[in-house]
Amino acid sequence: MSAMIQSIDANTAGAEHELTDGFHLIIDALKLNGVKTIYGVPGIPITDFGRMAQAEGIRVISFRHEQHAGNAAAIAGFLTKRPGICLTVSAPGFLNGLTALANATTNCFPMILISGSSEREIVDLQQGDYEEMDQLAIAKPLCKAAFRVLHAADIGIGVARAIRAAVSGRPGGVYLDLPAKLFGQVMDAEAGANSLVEVIDPAPAQLPAPGAVKRALDVLKGAKRPLIILGKGAAYAQADDQIRALIEKSGVPFLPMSMAKGLLPDTHPQCAGAARSTVLKDSDVVMLIGARLNWLLSHGKGKTWGDAPKKFIQIDIEPKEMDSNVEIAAPLVGDIGSCVSALLEGIGDTWQAPPSDWIDAVNSKREENIAKMAPRLMKNSAPMDFHGALGVLRTVIRERPDAILVNEGANTLDLARGIIDMYQPRKRLDVGTWGVMGIGMGFAVAAAIETGKPVLAVEGDSAFGFSGMEVETICRYNLPVCVVVFNNNGIYRGTDANPTGGTDAATTVFVKDARYDKMMEAFGGVGVHVTTPDELKRAVDTAIDSGKPTLVNAAIDPAAGSESGRIGNLNPQSILKKK
Ligand code: ADP
Ligand code: TZD
Ligand code: MG
C-alpha cells in the first residue's frame, strides 16, 4: 500500500498533489531498509505511528514495558546482524527503553531506540511540556550514536545514519529522537520519496592487514599449548563455516564463552569447555575471536591464568579493544569473517597440529570433569536440586538442538551454562556482559519471532520476576515459548532468615512455594507445576511439541544454591559482617 495522501495543495489553485507526512516517511524509510518488525509500547506521540506501521505491513509487537521491548530489539539485532528496532513514548517510556539500549551497546548488539519526544521549543526553555525531557542529551553517553530529526525532509538521512551507526564497526545501540511535531509534518510525496536513503553495504567488510595476519600465524605456530577462545562477537559475525574450518584445521582446543556455545557443538572433540580452568591456566598462546578480556575472563591476568607466560592473539573489529587489559602480541583488527578467512588461507598445508601432550592433557581433564558431573545430572529426586533439573533440560536441548535457550538467574544461569550442551550457533541467549537480570521474556519473544524456532527460557525465580508480566505478550502473540522457572523461593537460596528475627522477610527471599505457573494460565497459556526431573522433562517436551505458551514452575530445593552462583567472590566483604 502506498503511504501517500491525496490532497489539494492550496498554492496550486485546486491542482491535485500527492502529499506525504512524517509518519509515512519514517515507515517508508524503515521498510526501504528491510525493517520487518518493531518492538515497542504505544502512547503519545507514537500511537498512530504504530497503527500505521502495522497497516503498512511491518510487524509491530507491543509489550507491557519498554525495557523488554528494548531487550527484544537488541537480541533481534544479535540474531540477524540487522538493527533491531524499539519504539517508545517520551521521557518515562524512553528511560524504560534506555536500559536496554545501554545493555545492547555494552554487549555490541545493534539496535535502534526510536523515541517520540516533546517539542524542542518547550524542552529547551524548560517550560514543562507533557513528558518533557532532553532525551537526546541523556541517551548520548549510553549509546554508540544519537540523532534527532526535526524536518520531514531529513527522515531518510536520519534513519540511514542510525542504521549505519548501529551495524558498522563494533555494533551497538543507537538513539533516534523524533519530536511529536515531526510525525505530522507534510511534504510533497515525490520529494519525500526522493529523500529516502537505502543504506548500501551498512557493515562493510574490514580486511586485516597482511602483515598482521602473518604475525598472528607466527605467534600461533610458536605455541606449545595453544587455545582459541570464541566470544559472542564470533557468534554475531555469522562466519560459522570459516571458524569451524580454522579450528579443525589448526587442531587447537577451543573454549566458547557463554553466548558462543554451539558455534561448534559443545560435544566437539576439540571443545575444552569442560576443562576451562586447565586451559586458561596452562595455555601459552591464546587466540581471542570476538571475545573481550573483561571480567568474564578475569582481565587476562591473575590466578585464573596461572603463572606461565602467555601471548595473546586477538581478532576484533574495534582497534581500541587491543591492549585493554594486557599486551596483545598479535592484534588482528578486522571483521571476523575476513580475519578468519585470511588466517585459513595463510595457514597452508604444512600446518602442524599442537603437541599431543597438550591435547592429551586437555582431553583427560575434560573426560574427568564430565565423568564427575554425570551422576549428579541423573538424580531424579524431590525436591530437585539444580543438577537434577538441568540434567533433563540438557537432554531436551540434545534432542532439539534447533531450539533457542534463553537463560538468566544466578545459580540457574551459571549451572545451566555449564551443564546444557549447545549444538548450533546463536542458540544460547543470556545475561551477557553485564550479567543483567530482566532479559528473559524480551529475548524469548524476539527469539521466537525472528527465528520461528521453539524457545526454552530457563529462569531463576528472581530473574523471571523482572520481565514476568510479558507472559501476557507471549500468550497474545501465541509464541512457542516454554518458560521454566527454577523456583527456589528466592535470590540464590530461599532459606535466609531476617537477622533481627522480626516479621519482615529476609532481603533475598520471596513468597514461599509461589505458583508462577498460574501467571501463564491467567492469560490463556498452559501452566504446569513439577517437583521431579521426570515431571519436568515431560512438561517441557509437551510444551515444545504443542508450541503453546507454557510456564513450568519447577520446585527446586531452597537450600541448593550458593551465594551469587559462581561469582560470589565479587561480593565485597565487611570486616564486621560475621558475628
Ligand atoms: P563475550 O562476552 O562472549 O566474551 P564480548 O562481548 O566480550 O564477548 O566481545 C565481543 C567482541 O566482538 C567485541 O569486542 C566486539 O567488538 C567484537 N565483534 C563484534 N562483531 C564483530 C565482527 N563482526 N568482527 C569482529 N569483531 C566483532
Ligand atoms: N538487578 C539487575 C538488573 N541485575 C542483576 N544482576 C541484579 C539485580 C542482581 N542479581 C544477580 O546478579 S542474580 C539475581 C539478582 C537479583 C537473581 C538471582 O536469583 P534467581 O537465581 O532466583 O534468579 P537463583 O537460581 O536463585 O540463584
Ligand atoms: Mg532463585
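Order of appearance sets the numbers: ligands from 1, and atoms from 1 within every ligand.
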Self-check item: Selected option - heavy-atom contact closest to atom 8 (O) of ligand 1, from Lys232, Met257, Arg170
Solution: Lys232
Quiz item: Between Asp316 and ligand 1, is there a nitrogen or oxygen pair with a distance under 3.5 Å?
Solution: yes
Quiz item: Between Val540 and Val484, is a side chain to side chain contact (heavy atoms under 4.5 Å, CB included) present by the stated rule, with each step listed?
Solution: CA-CA 8 Å; Val540 172; Val484 177; 3.7 Å; yes
Quiz item: Counting heavy atoms only, which of Gly233, Pro208, Ala291 is nearest atom 19 (C) of ligand 1?
Solution: Gly233
Quiz item: How many angstroms lie between NE2 in His387 and CD1 in Ile419, if you round to the nearest 0.5 Å?
Solution: 4.0 Å
Quiz prompt | Heavy-atom pair with the smallest gap, counting every atom of Tyr39 and Ala72 | solution = CD2-CB, 3.7 Å
Quiz item: With a cut-off of 6.0 Å (strictly less than), are more than 12 heavy atoms of other residues, nucleotides or ligands near NZ of Lys311?
Solution: no
Practice problem: State, to 0.1 Å, how close Leu296 and Met257 come at their nearest heavy-atom pair, and which atoms those are. | Solution: CB-CE, 3.8 Å
Self-check item: Close N or O approach (Asn107, ligand 1; < 3.5 Å)
Solution: no
Self-check item: Numbering as shown, the atoms of ligand 1 that approach Asn294 to under 4.0 Å (heavy-atom distance)
Solution: 7 (O)
Practice problem: Could you establish whether Cys108 and ligand 1 come within less than 4.0 Å of each other, counting only heavy atoms on the residue side? | Solution: yes
Exercise. Give yes if a backbone or side-chain nitrogen or oxygen of Ile336 is under 3.5 Å from a nitrogen or oxygen of ligand 1, and no if not.
Key: yes
Exercise. Identify whether the distance between the nearest side-chain nitrogen and carboxylate oxygen of Glu318 and Arg292 falls below 4.0 Å.
Key: no
Practice problem: State whether the number of non-hydrogen atoms from other residues, nucleotides or ligands found under 6.0 Å of Met378 atom CE is greater than 12. | Solution: no
Exercise. May I ask you to check whether His68 and Phe443 place their ring centers less than 6.0 Å from one another?
Key: no
Quiz item: Would you call Met469 and His65 a side-chain contact if the rule is heavy atoms closer than 4.5 Å?
Solution: no
Exercise. Please indicate whether any nitrogen or oxygen in Arg292 is less than 3.5 Å from any nitrogen or oxygen in ligand 1.
Key: yes
Exercise. Please work out which of the three classes, parallel, tilted or perpendicular, describes the rings of Phe386 and Phe486, given edges at 30° and 60°.
Key: tilted
Quiz item: Under 4.0 Å between a Lys/Arg side-chain N and an Asp/Glu carboxylate O for Lys310 and Asp284?
Solution: no
Quiz prompt | Atom indices of ligand 1 within 4.0 angstrom of Gly334 heavy atoms, with elements | solution = 24 (N), 25 (C)
Quiz item: With a 4.5 Å heavy-atom cut-off, do Val528 and Thr550 have their side chains touching?
Solution: yes
Exercise. Select the closest option to atom 10 (C) of ligand 1 among Gly231, Ala235, Gly290, judged by heavy-atom distance.
Key: Gly290
Please produce the table of protein N or O atoms sitting under 3.5 Å from N or O atoms belonging to ligand 2, one pair a line, distance to 0.1 Å.
{"from": "ligand 2", "atom 1": "4 (N)", "to": "Met437", "atom 2": "N", "distance (Å)": "3.1"}
{"from": "ligand 2", "atom 1": "6 (N)", "to": "Gly435", "atom 2": "O", "distance (Å)": "2.9"}
{"from": "ligand 2", "atom 1": "21 (O)", "to": "Ala410", "atom 2": "N", "distance (Å)": "3.2"}
{"from": "ligand 2", "atom 1": "22 (O)", "to": "Asp461", "atom 2": "N", "distance (Å)": "3.2"}
{"from": "ligand 2", "atom 1": "22 (O)", "to": "Asp461", "atom 2": "OD1", "distance (Å)": "2.6"}
{"from": "ligand 2", "atom 1": "22 (O)", "to": "Ser462", "atom 2": "N", "distance (Å)": "3.0"}
{"from": "ligand 2", "atom 1": "22 (O)", "to": "Gly490", "atom 2": "O", "distance (Å)": "3.0"}
{"from": "ligand 2", "atom 1": "23 (O)", "to": "Ala463", "atom 2": "N", "distance (Å)": "2.9"}
{"from": "ligand 2", "atom 1": "25 (O)", "to": "Thr412", "atom 2": "N", "distance (Å)": "3.1"}
{"from": "ligand 2", "atom 1": "25 (O)", "to": "Thr412", "atom 2": "OG1", "distance (Å)": "2.6"}
{"from": "ligand 2", "atom 1": "26 (O)", "to": "Asn488", "atom 2": "OD1", "distance (Å)": "3.2"}
{"from": "ligand 2", "atom 1": "26 (O)", "to": "Asn488", "atom 2": "ND2", "distance (Å)": "2.9"}
{"from": "ligand 2", "atom 1": "26 (O)", "to": "Gly490", "atom 2": "O", "distance (Å)": "3.1"}
{"from": "ligand 2", "atom 1": "26 (O)", "to": "Tyr492", "atom 2": "N", "distance (Å)": "3.1"}
{"from": "ligand 2", "atom 1": "27 (O)", "to": "Asn411", "atom 2": "N", "distance (Å)": "2.8"}
{"from": "ligand 2", "atom 1": "27 (O)", "to": "Asn411", "atom 2": "ND2", "distance (Å)": "2.9"}

Exercise. Within a distance under 4.0 Å of any heavy atom of Tyr236, pick out the atoms of ligand 1 and give their elements.
Key: 20 (N)
Quiz prompt | Shortest protein contact, atom 26 (N) of ligand 1 (heavy atom only) | solution = Ile317 N, 3.1 Å
Quiz item: Looking at atom 23 (N) of ligand 1, what's its closest protein heavy atom, distance included?
Solution: Ala237 CB, 3.8 Å
Quiz item: Run the side chain to side chain contact (heavy atoms under 4.5 Å, CB included) check on Glu535 and Thr531 step by step: do they pass?
Solution: CA-CA 7 Å; Glu535 289 171 10; Thr531 57; 3.4 Å; yes
Quiz item: Given the rule in the side chain to side chain contact (heavy atoms under 4.5 Å, CB included) test, do Ile228 and Ile243 qualify, once you have shown the distances and angles that lead to the verdict?
Solution: CA-CA 10 Å; Ile228 292 175; Ile243 289 171; over 6 Å; no
Quiz item: Are the ring centres of Tyr175 and Phe94 closer than 6.0 Å?
Solution: yes
Quiz prompt | Heavy-atom closest contact (Leu344 atom, Gln242 atom, distance) | solution = CD1-O, 3.6 Å
Quiz item: What protein N/O/S atoms sit under 2.8 Å from the Mg ion (ligand 3), by chain and number?
Solution: Asp461 OD1, Asn488 OD1, Gly490 O
